[in-house]
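First listed ligand is number 1; within each ligand, the first listed atom is number 1. We number each residue from 1, following the sequence as shown. Because the structure is predicted, anything quoted here is derived from the model rather than measured.
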Amino acid sequence: MSDSRKGVVILGVFVADLAFRAPRQPSMGETLLASGFAMGPGGKGSNQAVAAARAGGDVTFLTRLGADTFGRMAHEIWAWAGVRPRVAMTENTETGAAYIFVQDGTGENAIIIAPGAGARITPDDMRDARATIEGAKIFMTQLETAVETGRAALEIARGAGVTTILNPAPAAELPDDMLGLCDFVIPNESEAEALTGIAVGGPAEAERAAEALRKRGAGTAIVTLGARGVYLCSATQSLHIPAFTQGKVVETTGAGDAFCGAFATALAEGQDPVRAAQFGCAAAAISVSRPGTAPSMPLRKEIDTLMEQTAG
Ligand code: ATP
Ligand code: RIB
């Protein structure tokens, strides 16, 4: 029987990103003048939904918002990107926010996130969304919602034969059997270390960490390595996929989300995982050449152009 499912369903959090640019972070008790400030849409799940839709996917986003200014910002970015929101409103809880320090010069970041209403998404919300999850080709989530909520959604997806992706960010303890619900797990270097105890400094350690994640039950592990690309390890393949270069690096915040969102769209189209990871790397390379998180996600034609230029 042929499978006509093509959609990407993403569970996660929307927050407003409050990004402060400075040469360094302040010490305790110290106040620094910023060299720049920007407020914009963020939250890993929402960023991934925006990235997947801009990359050409048919995307539904499951979340909770407060009835406030930041909640309205969420609807604006989803409308801009073409994301289909499925949102529960939460009484007496505000939409969350993230403090983002962006280092002058390098564009590297450090983040504190308060998920706000997104922290109130429950396993029962996932059971209410069962039909949406079961109708997807790809289901993806992260760890900004409660772990039991992500797990409940992964169980529903797995039970319906939906391809499952977990981006285990921010780093957190996982129940032993949770990786076994994941066809793909996509940590960055520090998240891979938190899950495996292996300090990842490059492709060699990433291979060992990816193998360890597979031993814990993940189908395919993809460790993202910043400017060095990703390491992919499946039952049949183990290889380093280099990053693309695309001009000056302006801000790396959301690079992992750009990769995950574009990767999910490519998988939903039936591309093989290596090709999908290359597509994700191209999307992420473009995103780091622009400021902001969700607004930096590239359109499909921009990703295709970069891939064609690099191949040629
Ligand atoms: P963040 O938490 O800032 O969103 P992350 O730590 O989850 O990012 P990274 O591993 O830093 O994710 O980056 C994800 C992907 O983005 C990389 O695998 C790579 O393909 C791409 N990328 C990141 N930084 C660069 C860069 N400087 N140049 C080109 N591509 C990059
Ligand atoms: O991955 C980047 C995101 O992490 C930011 O947009 C911020 O909101 C945090 O959730």
Checklist entry - Among side-chain atoms of D68 and T95, is any donor-acceptor pair under 3.5 angstrom? => result yes
Next on the checklist: If the threshold is 4.0 Å, N to carboxylate O, is there a salt bridge linking D304 and K301?
Outcome noted: no
Next on the checklist: Using a 3.5 Å distance criterion without hydrogens, assess whether the side chain of D272 forms a donor-acceptor pair with backbone atoms of V274.
Outcome noted: yes
Name the atoms and distances for all side-chain donor-acceptor pairs under 3.5 Å in residues 69-78, with sequence neighbours left out.
from : atom 1 : to  : atom 2 : distance (Å)
W78  : NE1    : S46 : OG     : 2.9

Checklist entry - Does a donor on one side chain and an acceptor on the other come within less than 3.5 Å for E144 and Q142? => result no
Checklist entry - Side chains of T224 and N188: do they bring a donor and an acceptor to under 3.5 Å? => result no
Hey, what polar pairs (N/O, under 3.5 Å) does ligand 2 make with protein?
from     : atom 1 : to   : atom 2 : distance (Å)
ligand 2 : 1 (O)  : K44  : NZ     : 2.8
ligand 2 : 1 (O)  : D257 : OD2    : 2.7
ligand 2 : 4 (O)  : K44  : NZ     : 3.2
ligand 2 : 6 (O)  : D17  : OD1    : 3.3
ligand 2 : 6 (O)  : D17  : OD2    : 2.6
ligand 2 : 6 (O)  : G43  : N      : 3.3
ligand 2 : 6 (O)  : N47  : ND2    : 2.9
ligand 2 : 8 (O)  : D17  : OD1    : 2.5
ligand 2 : 8 (O)  : G43  : N      : 2.9
ligand 2 : 10 (O) : E144 : OE2    : 2.5

Next on the checklist: Between R151 and E155 (salt bridge meaning N to carboxylate O under 4.0 Å), is one present in this structure?
Outcome noted: yes
Protein N/O near ligand 1 N/O, under 3.5 Å, which pairs?
from     : atom 1 : to   : atom 2 : distance (Å)
ligand 1 : 3 (O)  : N109 : ND2    : 3.2
ligand 1 : 3 (O)  : T252 : O      : 3.1
ligand 1 : 4 (O)  : G254 : N      : 2.9
ligand 1 : 4 (O)  : A255 : N      : 3.2
ligand 1 : 4 (O)  : G256 : N      : 3.3
ligand 1 : 6 (O)  : N188 : ND2    : 2.8
ligand 1 : 8 (O)  : G256 : N      : 3.3
ligand 1 : 10 (O) : T224 : OG1    : 2.8
ligand 1 : 10 (O) : G226 : N      : 2.9
ligand 1 : 18 (O) : G229 : O      : 2.8

Checklist entry - For the side chain of S289 and the backbone of I286, is there at least one donor-acceptor N/O pair under 3.5 Å apart? => result yes
May I have the list of side-chain donor-acceptor pairs in residues 35-45 shorter than 3.5 Å, sequence neighbours left out?
from : atom 1 : to   : atom 2 : distance (Å)
S35  : OG     : R21  : O      : 3.2
S35  : OG     : D104 : OD1    : 2.9
S35  : OG     : D104 : OD2    : 3.0

